[in-house]
Number of protein chains: 2
Amino acid sequence: MKKGVTIKDIAKKLHMSVSTVSKALNNDPSISALTSERVKALAQELNYVPNEAARHFKLSRTFTLGLIIPDILDQYYAFAINGVEAVAEQRGYHVILSQSHEDVATEQKIVDVMVRHRVDGVIVSVTKNTVDMQPFRKLLQMGIPVVCIGREPKGGMFDFVTSDNHEGGFAATDFLIKKGHRHIAHLMGPEGMRTSHARYEGYKAALEANGIPFREELVKAVDLTPEGTYRAMEELLQLAEPPTGIFTFKNYITLEALHYLKTQRPELLEKIGFTGFGNLPILHYLDHKPLASIEESSFEIGEEAARILFERMSEKDEEEPTQYHSRQLPCRLVVHDHL
Amino acid sequence: MKKGVTIKDIAKKLHMSVSTVSKALNNDPSISALTSERVKALAQELNYVPNEAARHFKLSRTFTLGLIIPDILDQYYAFAINGVEAVAEQRGYHVILSQSHEDVATEQKIVDVMVRHRVDGVIVSVTKNTVDMQPFRKLLQMGIPVVCIGREPKGGMFDFVTSDNHEGGFAATDFLIKKGHRHIAHLMGPEGMRTSHARYEGYKAALEANGIPFREELVKAVDLTPEGTYRAMEELLQLAEPPTGIFTFKNYITLEALHYLKTQRPELLEKIGFTGFGNLPILHYLDHKPLASIEESSFEIGEEAARILFERMSEKDEEEPTQYHSRQLPCRLVVHDHL
DNA sequence: TTGTAAGCGTTATCAC
DNA sequence: GTGATAACGCTTACAA
């Protein structure tokens with residue numbers, strides 16, 4: 001890196017002290033308008049660009065948020081990232097993004113890196129296998145606030161923003177029922193995830209509210225791999241009374257379930273109605289789409305998480321907070337056009 | 001930010017000087033094994049984490065790459081990001097990512113931010129409207145190397161990594177011809193982009209190689225909006241001799257063209273064969289897919305760009321380089337299964 | 001092999 | 001309203 005212009009250079013040229021220059025640049029009210037003008041003019045002329053690394057160091061603040069998500073290829077997260085960035089940018093922060101790729105060890109390494117870089121706060125969607133929240137507790141203890149999004153951390157004790165999964169599960173199931181389905185399966189998320197259970201409970205509640213008996217064999221937990229979904233579909237279709245409607249945990253499960261039908265049981269493709277979480281743009285291009293999707297506002301989740309994080313960062317450094325926010329943003333049921 | 005443990009703390013406890021501690025931590029050979037051990041042990045015990053902000057400041061290097069892309073929601077870029085990160089991580093660098101959202105003003109602001117943060121190098125895929133490369137030239141002048149990916153910068157003079165667009169255009173067109181198509185249209189990219197022209201030239205070359213006359217009216221430039229694609233399709237299908245095969249500039253254009261047929265001219269859906277650039281995972285889930293896709297290895301493009309960038313960063317700071325790399329990574333034609 | 005000391009660019013605290 | 005000076009945490013000649 002070539003050494004750029006510093007406030008020292010400006011001070012020298014203007015025969016002022018560096019502190020005056022610094023203050024002028026930071027609009028300190030104790031500086032006269034004239035001086036301020038001259039400094040800024042010269043700064044402009046010399047292409048002065050403040051060295052953030054030096055500021056961060058001096059201020060013990062990096063104006064940086066760490067964002068940890070499982071996978072950027074999942075558009076759910078891509079939207080969330082944008083939400084976080086929107087708020088961050090607005091407040092003069094920037095975001096460093098890392099992907100855990102659903103790997104717990106990687107996740108921990110990322111946390112380390114973020115500590116080294118002294119991020120001012122962290123937003124994380126933990127991996128589907130994350131059980132031990134210790135690394136994140138440590139952040140809290142270091143005074144670095146943490147907000148979780150999407151996936152609920154084990155053991156609570158973290159600020160947390162997600163969709164209203166129960167309500168969404170209810171709406172998705174209820175929609176199928178209102179469409180006349182009576183045998184409704186649920187391809188639920190991994191057993192280990194609280195989100196899975198929330199959606200599952202919504203599903204059960206909708207059945208109950210509509211007087212439809214719950215059948216255990218119609219619920220299959222999948223592991224978020226295509227093979228897992230195929231297996232679950234196979235089992236469902238072998239039942240004596242197979243489902244005519246399926247509510248899925250997530251976009252990609254719907255896609256894979258449809259793909260399974262297309263390749264293995266094309267005759268059923270028109271017969272089984274789907275609803276599911278997630279309303280990604282790609283659904284628009286499918287021939288066989290779900291009847292309806294539960295739109296999770298992941299952008300807004302990102303925004304809200306960032307807002308909470310900023311709130312935490314501005315609180316004065318008491319020890320760990322005693323109370324944690326848990327926000328559930330409403331979902332929206334979107335009915336898809338079918339040609 | 002709570003103040004963490006510093007090497008000063010370690011030095012005090014061990015009755016050593018900070019420089020000794022620093023050297024021990026950095027495996028300086030001049031430090032005795034014993035001392036080194038003791039330092040590291042205590043560092044571990046105290047949970048010492050080096051303050052990168054301080055190091056960056058001191059070293060005038062941030063070990064940070066700036067990555068500027070139009071849109072993270074486009075999986076093409078998502079893969080490229082992963083490629084860049086893979087190489088960066090391997091070398092102990094991290095990446096700060098920003099999206100221009102195809103907006104030139106935003107792009108310039110991002111460049112400013114990157115300068116403020118003193119990134120050590122920049123990888124950028126310019127917006128589709130970027131004409132003035134001046135902001136990036138300025139980076140070069142400041143000694144911050146720049147590598148472009150995907151979209152070729154106007155006026156050359158930058159290191160540049162992309163797919164072999166000509167070859168890909170040729171292969172996609174040739175494939176349709178070999179399938180028996182004689183009337184092959186090309187939904188080309190924006191006129192302003194060199195990439196568009198390279199693919200277009202490949203298309204023309206394939207026609208010529210196969211003795212098929214080129215028909216100007218079969219080529220439509222689209223602006224990468226859905227509406228643009230619809231319009232182009234409309235025009236193509238109104239021709240006296242409409243195309244039976246269409247080669248598209250990009251995934252999303254294929255998707256939108258198919259969507260157009262689905263909604264407007266479903267009877268043609270099975271009649272028109274598509275090939276196009278991009279082989280995103282989502283294609284897998286489509287019923288009507290292109291016959292074949294030109295797989296661009298965007299992950300590898302990211303990797304290669306990062307490698308070139310590191311090479312540049314390690315060159316000693318002569319003024320701007322006199323010669324620029326221009327790498328075209330081979331594409332792969334992938335034939336899709338059709339049920 | 002270890003210690004001393006200077007300095008990276010900026011801001012903050014005081015004194016003037 | 002302005003300036004001198006110390007300090008942030010770390011690395012690195014150079015001295016011992």
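Lettering follows sequence order; numbering is per chain, from 1. Quick caveat, the model's predicted, so the values are computed rather than measured.
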Separation of C:dT1 P from B:N27 CG (nearest whole Å): 14 Å
Quick test of your reading of the model: are A:E303 and A:R307 salt-bridged, counting only N-O distances below 4.0 Å? yes
For B:H56 and C:dG9, give me the distance from atom NE2 to atom C1', rounded to whole Å. 15 Å
In whole angstroms, the gap separating C1' of C:dT2 from CZ of B:R38 amounts to 12 Å
Just the atom pairs and distances: protein N or O near nucleotides 11-15 of chain C's N or O, under 3.5 Å.
from   : atom 1 : to    : atom 2 : distance (Å)
C:dT11 : OP1    : A:R55 : NE     : 3.0
C:dT11 : OP2    : A:S22 : OG     : 2.8
C:dT11 : OP2    : A:N26 : ND2    : 3.3
C:dT11 : O2     : A:K58 : NZ     : 3.0

From CZ of B:R61 over to C1' of D:dT12, roughly how many Å is that when rounded to an integer? 15 Å
Have A:T130 and A:E107 got a donor and an acceptor in their side chains that come within less than 3.5 Å? yes
Any B:S60 side-chain nitrogen or oxygen under 4.0 Å from OP1 or OP2 of C:dC8: no
Determine the sole option in A:H117, A:R118, A:R116 for which the side-chain hydrogen bond (donor to acceptor under 3.5 Å, both in side chains) test with B:E52 is passed. A:R116
Neighbour count above 12 (heavy atom, 6.0 Å) for B:Q134 CD: yes
Spacing of CZ belonging to A:F310 relative to CG belonging to A:D120, to within rounding of 0.5 Å: 8.5 Å
A:S32 near the nucleic acid: base, sugar-phosphate alone, or nothing, with a heavy-atom cut-off under 4.0 Å? sugar-phosphate
Distance, rounded to the nearest Å, where B:K8 contributes NZ and D:dA6 contributes C1': 11 Å
note: B:D28, atom CG; D:dA13, atom C1'; distance rounded to Å ~ 12 Å
Looking at B:S17, I'd like to know whether one of its side-chain N or O atoms comes within less than 4.0 Å of OP1 or OP2 on C:dG3. yes
Less than 4.0 angstrom from a charged side-chain N to a carboxylate O is my criterion; do B:E311 and B:R91 meet it? no
Select from B:S36 and B:F57 the residue whose nearest nucleotide in DNA chain C is closer to the 5' end of that strand. B:S36
Establish, from distance only, whether the side-chain atoms of B:S30 and B:D28 form a donor-acceptor pair under 3.5 Å. yes
Determine, step by step, whether A:F57 and B:F57 satisfy the ring pair (Phe, Tyr, Trp, His ring centres under 6.0 Å) criterion, reporting the C-alpha distance in whole Å, the side-chain angles of both residues, the deciding distance to 0.1 Å, and the verdict. CA-CA 7 Å; A:F57 168 51; B:F57 167 51; 5.1 Å; yes
Pair B:E102 + B:K128: basic N to acidic O under 4.0 Å: no
End-to-end bend of the helix from C:dT1-D:dA16 to C:dC16-D:dG1 (five-pair axes, 10° rounding)? 40°
Provide, to the nearest angstrom, the distance between the NE2 atom belonging to B:H15 and the P atom belonging to C:dT1. 22 Å
Does D:dT2 have its OP1 or OP2 closer than 4.0 Å to a side-chain nitrogen or oxygen of A:T35? yes
Given atom CZ of B:R116 and atom P of C:dT10, what is their separation to the nearest angstrom? 10 Å
